[in-house]
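Below is one structure, written out as structure tokens; comments come after it.
Numbers here are sequence positions counted from 1. Since the structure is predicted, the reported quantities are computational estimates derived from the model, not experimental observations. Excluded from the calculations below are hydrogen atoms, water molecules and symmetry mates; all remaining heavy atoms, backbone and side chain alike, are included.
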Amino acid sequence: MVTRRVAASQQARKGWPFFLIFVLVGLGMMVPFALQAVRDSRIAWQYQPTECQVLGAVTVNSSSTSVLGGSRYSTDTAHREFSWSYRVNAVHYFAEGYDNHDGIMATGQETGDIHAGVRMTCWYDPANPQKSVLARNFQPRFYLGALIPGFFILLGGGLLRRSLRRRPDYADVKVSQGEQL
């Protein structure tokens with residue numbers, strides 16, 4: 001009797017397209033966080049200070065509604081956006097916003113003392129002086145949202161790796177040879 005090892009079913013390998021889609025969705029969801037990280041680093045390291053004058057402020061209100069567990073929830077938020085003017089290389093510029101997140105994540109305490117006519121330091125991009133911010137804020141809580149696409153990438157990537165690197169299971173097949181006469 002001769003024993004041969006034969007590869008068993010390759011069912012685990014058939015799931016790789018699903019796992020690849022999982023990884024690609026996670027990467028797509030990660031793009032806004034990567035773009036904001038580039039913007040945050042440019043503002044932190046390359047923007048230069050200059051004096052500006054605040055021209056005015058507008059309160060921007062937004063509301064959202066969601067349904068969770070059969071209940072409807074409404075959320076109303078407000079943030080302040082400012083307009084200011086500044087000079088760079090004898091050229092006069094106007095800008096709007098507040099920080100590198102456009103003031104959406106700024107607290108009322110941060111923006112409370114700013115009003116029309118105030119002179120303060122603002123930060124401009126030397127490569128493109130039309131871009132500026134009143135505050136160079138880094139908001140770590142924004143990046144907590146990256147945990148969701150990170151979950152997609154890690155789970156999908158781990159399963160994809162396992163499905164593509166899985167060694168085939170072998171089964172012992174016993175073959176008997178006939179007797180010679």
Side-chain angles (χ1 to χ4, degrees), residues 3-48 58-82 95-111 123-128 130-175:
T3 303
R4 280 195 256 162
R5 296 183 61 84
V6 178
S9 171
Q10 298 280 333
Q11 294 297 332
R13 287 182 171 262
K14 291 182 180 179
W16 75 265
F18 175 73
F19 303 140
L20 179 63
I21 290 171
F22 222 62
V23 170
L24 293 175
V25 166
L27 289 173
M29 291 169 48
M30 192 64 83
V31 168
F33 296 101
L35 293 175
Q36 186 64 41
V38 169
R39 186 174 181 204
D40 284 347
S41 66
R42 280 191 45 75
I43 289 172
W45 299 105
Q46 295 178 0
Y47 277 38
Q48 299 295 314
V58 175
T59 301
V60 178
N61 296 311
S62 62
S63 62
S64 63
T65 305
S66 62
V67 177
L68 184 63
S71 299
R72 187 176 210 81
Y73 295 96
S74 290
T75 306
D76 296 323
T77 57
H79 67 276
R80 293 178 71 194
E81 285 188 1
F82 299 92
E96 292 181 343
Y98 175 67
D99 61 3
N100 43 338
H101 291 273
D102 297 326
I104 293 170
M105 301 185 87
T107 63
Q109 295 171 344
E110 294 175 31
T111 62
W123 304 85
Y124 73 94
D125 184 358
N128 185 3
Q130 293 175 327
K131 294 182 180 180
S132 68
V133 293
L134 282 180
R136 295 191 306 176
N137 292 337
F138 174 73
Q139 301 287 346
R141 64 183 182 197
F142 171 78
Y143 294 100
L144 287 175
L147 293 175
I148 295 168
F151 170 76
F152 277 82
I153 293 168
L154 290 176
L155 181 67
L159 293 172
L160 182 64
R161 182 176 175 266
R162 280 189 72 192
S163 70
L164 293 178
R165 295 194 71 198
R166 180 180 301 261
R167 291 195 176 118
D169 299 325
Y170 287 97
D172 291 333
V173 177
K174 298 183 188 217
V175 178

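Note that CD1 of Ile43 is 9.0 Å distant from NZ of Lys131, once rounded to the nearest 0.5 Å. For the atom pair Met30 CE and Ile153 CD1, the distance stands at 4.0 Å (nearest 0.5 Å).
No more than 12 heavy-atom neighbours from other residues, nucleotides or ligands sit within 6.0 angstrom of CD1 on Ile148.
Looking at Arg162 and Phe19, their side chains never come closer than 4.5 Å, going by heavy atoms from C-beta outward.
Between Gln48 and Pro126, the shortest heavy-atom distance links the atoms CG-CG, 3.7 Å. The two residues Pro149 and Phe33 have their closest heavy-atom pair at CG-CE1, 4.1 Å. Heavy atoms only, all atoms of each residue included: Trp16 and Leu160 are closest at O-CD1, 3.5 Å. Nearest heavy-atom pair across Tyr47 and Val133 is CD2-CG2, 4.3 Å.
Remark: Phe22 pairs with Phe18, Phe152 by the ring-ring contact (aromatic ring centres under 6.0 Å, His included) rule, at least two apart or across chains.
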Show your working on side chain to side chain contact (heavy atoms under 4.5 Å, CB included) between Tyr143 and Gln36 and close with a plain yes or no.
CA-CA 9 Å; Tyr143 294 100; Gln36 186 64 41; 3.6 Å; yes
